[in-house]
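Bear in mind that the values here come from a model prediction, so they are computed numbers and not experimental data. So you know, we letter chains A, B, ... as the sequences are listed, proteins then strands, and number each from 1.
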Amino acid sequence: AATTTTSTHHLLCGTLHSASFLSTTHPFPTTSLRSSSLHFRCVPIRAMAEIDTISVSKSASSSAPGSKQALISLSDKKGLAFVGNGLQELGYSIVSTGGTASALESAGVAVTKVEQLTKFPEMLDGRVKTLHPNIHGGILARRDQKHHIEALSTHGIGTFDVVVVNLYPFYDKVTSAGGIEFEDGIENVDIGGPAMIRAAAKNHKDVLIVVDTEDYPALLEFLKGNQDDIKFRLKLAWKAFQHVASYDSAVSEWLWKQSVGDKFPPSLTVPLSLKSPLRYGENPHQKAAFYVDKSLSEVNAGGIATAIQHHGKEMSYNNYLDADAAWNCVCEFRKPTCVVVKHTNPCGVASRDDILEAYRLAVKADPVSAFGGIVAFNVEIDEALAKEIREFRSPTDGETRMFYEIVVAPSYTEKGLEILCGKSKTLRILEAKKNEAGKLSLRQVGGGWLAQDSDDLTPQDIKFNVVSEKAPQDDELCDAEFAWLCVKHVKSNAIVIAKNNCMLGMGSGQPNRVESLRIAIRKAGDDVKGAALVSDAFFPFAWKDAVEEACESGIGVIAEPGGSIRDQDAIDCCNKYGVSLLFTNVRHFRH
Amino acid sequence: MMFVLGVSSSAAAAPAAATSSTHHLLSGTLHSPSSLSTSHLFPTTSVRSSSLHFRCVPIKAMAEVDTIAVSKTASSSAPGSKQALISLSDKKDLAFVGNGLQELGYTIVSTGGTASALESAGVAVTKVEKLTKFPEMLDGRVKTLHPNIHGGILARRDQKHHIDALSAHGIGTFDVVVVNLYPFYDKVTSAGGVEFEDGIENIDIGGPAMIRAAAKNHKDVLVVVDTEDYPALLEFLKRNQDDQKFRLKLAWKAFQHVASYDSAVSEWLWKQSVGDKFPPSLTVPLSLKSSLRYGENPHQKAAFYIDKSISEVNAGGIATAIQHHGKEMSYNNYLDADAAWNCVCEFRNPTCVVVKHTNPCGVASRDDILEAYRLAVKADPVSAFGGIVAFNVEIDEALAKEIREFRSPTDGETRMFYEIVVAPSYTEKGLEILCGKSKTLRILEAKKNEAGKLSLRQVGGGWLAQDSDDLTPHDIKFNVVSEKAPQDDELRDAEFAWLCVKHVKSNAIVIAKNNCMLGMGSGQPNRVESLRIAMRKAGDDVKGAALVSDAFFPFAWKDAVEEACESGIGVIAEPGGSIRDQDAIDCCNKYGVSLLFTNVRHFRH
């Protein structure tokens, strides 16, 4: 066996370390399933012939040292001619399976069919064609173990130096628009492919394994180099095992849904695919990267991760966090709405039939915080709105044009986008889809993960129960509903004050509720009179300080979950001040 | 020869028609929480190693022809026989499942080491080589990778051409496949580590192939990968009724098992090759630890998972804490306990941290942990009530008594109530006393998180990955940029406050004096608001104290820095880096306040 050497060839090194190396743009190749089936019966005379074949091939393999052999089995036949001809030109004999073999022959590549090595027909609709020791022995035999080579020789088995396999397109099939019948899904679970991939990856010292069409050029380049590089081999092996791990994550996710189907299986694997490196994480001293969730349940399910960026600087770690918070909030509203977010909390929210007015009001709520924040809309950004975003002066001084890190909306008109792009070179302009309901929320803690349903409740899903003597007016009830939807997106302990579909004040993230209340009231200022105040949770033993302070401020209606042993005190207090009190029976902690 | 005939006669056995079971007992079994356990996701056992070598000569080949011809005839004449394939790395309960299957009329086919172990347990076994007519070779690397095995697993009983093909080749079907894998996970996470080549040899190839094949054909083949499922398997087989849901569930478990196995292999291989934190793709393996009553809110169902990444083995954290006492942990309890634990473990001196809604509301360090505890609670007793209390030292009898007896500073009467106490360890007496505080108090024993973990944060449709923030005051430089330099005790207070502010949600301000946090402002949309909250909380004690900000003071500097200086603050520390840094310096000089730039930002969201 050739001695392994570390390559110092610059071109090869360059290839090895380039950013595009070992691409993952096609983790799940898209192609239609290749189907083929051969059936014939074996009779004793055939068996006799097989004996002769064994003898002949044994002699042949012993008499041709140094020959090279590649095993190719492709569902995705993109690049097939390139890799097949490339290997052939480098002196490799090509062994292949049914459909791939036909395609290679059509491309002018000489092919040995797998059945010629296994002396076994494709049977069971191709389910076991490569599951044979003549194939797997050729992959798994270690060239540095004399007894391995002798065993192969004894059985007339040739070694494989390269294995190129891509799998039945299970992921694409089960996520296709029309869906898929259960039995079709099962038939698209590849068995022979992963077995070959894993075997080759295990024996990567002797066998190069390629599972991604994007890696064909790197493979051929490596082989032309005539120098070995164990790092290259190891990297391909890593990619192979990761590919199979992701494939089986999808299969098990799908099977779970077909069987039990609830959100919390006894075990799961979350498949992630790198979308882009990030300049840094939450802070410059933390390296970071951004991954797309490849779970089946996330396909076409919306969210900020799959937003299209039309313009602006690259997104940062904190940009994604803030944009996610803004997008999740704004998509909950039915009327045209603008949400402004800073440090993942909404600091401005307004709904109006006129989105221009909604935008102005949202920024006015807290212009200091809005500056450098994220602005999100749940309606298309047209020319008029784009101009308003570009020209609106800060309410703080009436002069400074507002500066934003990100604008996110469901769509843009051509003119709207053009105008927005002209606002600044750095403004990130995102087009996103609303998150579907019913997603699985996962939160990391040290050594583990908290899983829960996403919080998909809207005001229409709950009942605002009047528990005070005074019932709210219709507009007060509307304000309570609006504030309730806002408070859902504020970090706990959370208080929101709103009037006329506009958030006036917000208190967030305090260790106790009374502090959040004071912040919100101070922010709302004189406008607090007649406004709605909503709390994310009940008012506990410090009720006098909180509810009474709220009532004294002139609040018109209060909504909270209720459920405290001191609820009656809160009711009594509101009655004393003539304030309406609503219990929702729904808590909205957000941490 | 007759024995061989008996074995191969199972070929083409007519399977019993599948029917949906309505048997109550079976339904109960299927839906009970303990069904399909995952307590042995990665079985612990030493790897079985065996190797057979012999050369095949032409005369042997002739004999094989005879065998094929004979077995073909025989298989047609013995319908209804049942066959199981067993290959175990973890041989726990091997006798139970082997004998159980045999008693149910199954012929057992097995591999080298498993076959020997089964025979020792009194189970009659057919070795795989007898079916494949192929020796174990290449150190066992390909023993089951043969169409006589995989055809027997993958042939669909409802497809006539499949059964005909088996018959033509003298292949018998398998109705049950019981396989557990080479213990790759345990090997590479063992205390002594593992050499690269040993790691590679512990990657099972034949096992996953059989498991995946059987799972694909679950309509006809039952696949079991977990020793905990042996009783359910035998119970199912005794019932003589089919149940596709049971079969499908076993198939799910099989694929999930292999997915988790390969996640570990690829994680390990990545570390051996490139080794950085952000590979082009990864799969995060999770194992259910417990269901939770609900999530952040009662209308959200929830559960708690252990991270089975190799990098998380023995790496500490709240997820693997031991709960000695108290109510079950809730979703929010875990979040708060995690925040408290992450914060308290950063301090070197004996320290107590109190947390509410994931933010520290009390932090104190003292040589005397009792004093530290009292001070931490006093900082904000209203918030501390019903909060989480964490210590970075062992809880002994004296500290436990103090926790049990300490009266709320608010009224001097009420005993403090906590949801959770978490510490690295407890003395026997300390634990006894704490357990007596209340039936509900959750008492956790946790290990410090190791540095260098991968932090993952979910956003809609994707994940943000980053290094964990492992910086401590000793890793950074506090650069004096003002005319006045801080006294030593002021510098220590700045370092202490800096470590506190790291764990406060941004925008974050912490005021501290004498190793005690006096005030904290968190989570506000702008920094000036956080500053005011912190100063109000600190009250008169703010004079001479240290104030630290998690990020630089931006264009509103006059409101923030000047307000801080006017309050009597003695020293301010912030990252610096604003275009208005000089204004901040000038302001501090005007008031005679020391100003330190750390060049390190600590956003926390």
Q | Structural part of A:N328 lying under 4.5 Å from a heavy atom of chain B | A | neither
Q: Among the options A:A245, A:S441, A:S259, A:A301, pick out the one with the most heavy-atom pairs lying under 4.5 Å from chain B.
A: A:A245
Q) Between A:L450, A:I304, A:L442, A:L321, which residue shows the highest count of heavy-atom pairs closer than 4.5 Å to chain B? A) A:L450
Q | Basic-acidic side-chain contact under 4.0 Å: B:D262, A:R198 | A | yes
Q: Classify the ring geometry between A:H132 and B:H146 as parallel (under 30°), tilted (30 to 60°) or perpendicular (over 60°).
A: parallel
Q) Given that the side chain runs from C-beta out, which part of A:V586 has a heavy atom under 4.5 Å from chain B: side chain, backbone, both or neither? A) side chain
Q: Kindly assign one of parallel, tilted or perpendicular to the pair B:H357 and A:H591, based on the angle between their ring planes and the thresholds 30° and 60°.
A: parallel
Q) Of the listed residues (A:G281, A:P346, A:G447, A:G303), which shares the most heavy-atom pairs with chain B below a 4.5 Å separation? A) A:G447
Q: Heavy-atom distances under 4.5 Å only: say whether B:D276 touches chain A with side chain, backbone, both or neither.
A: neither
Q | Pairs of heavy atoms under 4.5 Å with chain B: top-ranked of A:F290, A:W327, A:W449 | A | A:W449
Q: Heavy-atom distances under 4.5 Å only: say whether A:T130 touches chain B with side chain, backbone, both or neither.
A: neither
Q) Is it the backbone or the side chain of A:P277 that comes under 4.5 Å from a heavy atom of chain B, or both, or neither? A) neither
Q | Test applied, side chain to side chain donor-acceptor pair (under 3.5 Å); reference residue, A:H285; option that passes from B:D469, B:D467, B:D470, B:D475 | A | B:D469
(Q) If I measure from the heavy atoms of chain B, does A:K263 come under 4.5 Å with its side chain, its backbone, both, or neither? (A) backbone
Q) Can you find a heavy atom in the side chain of A:P271 that is under 4.5 Å from one in the side chain of B:T283? A) yes
Q) Based on non-hydrogen pairs under 4.5 Å, which of A:G192, A:A195, A:A199 is most in contact with chain B? A) A:A199
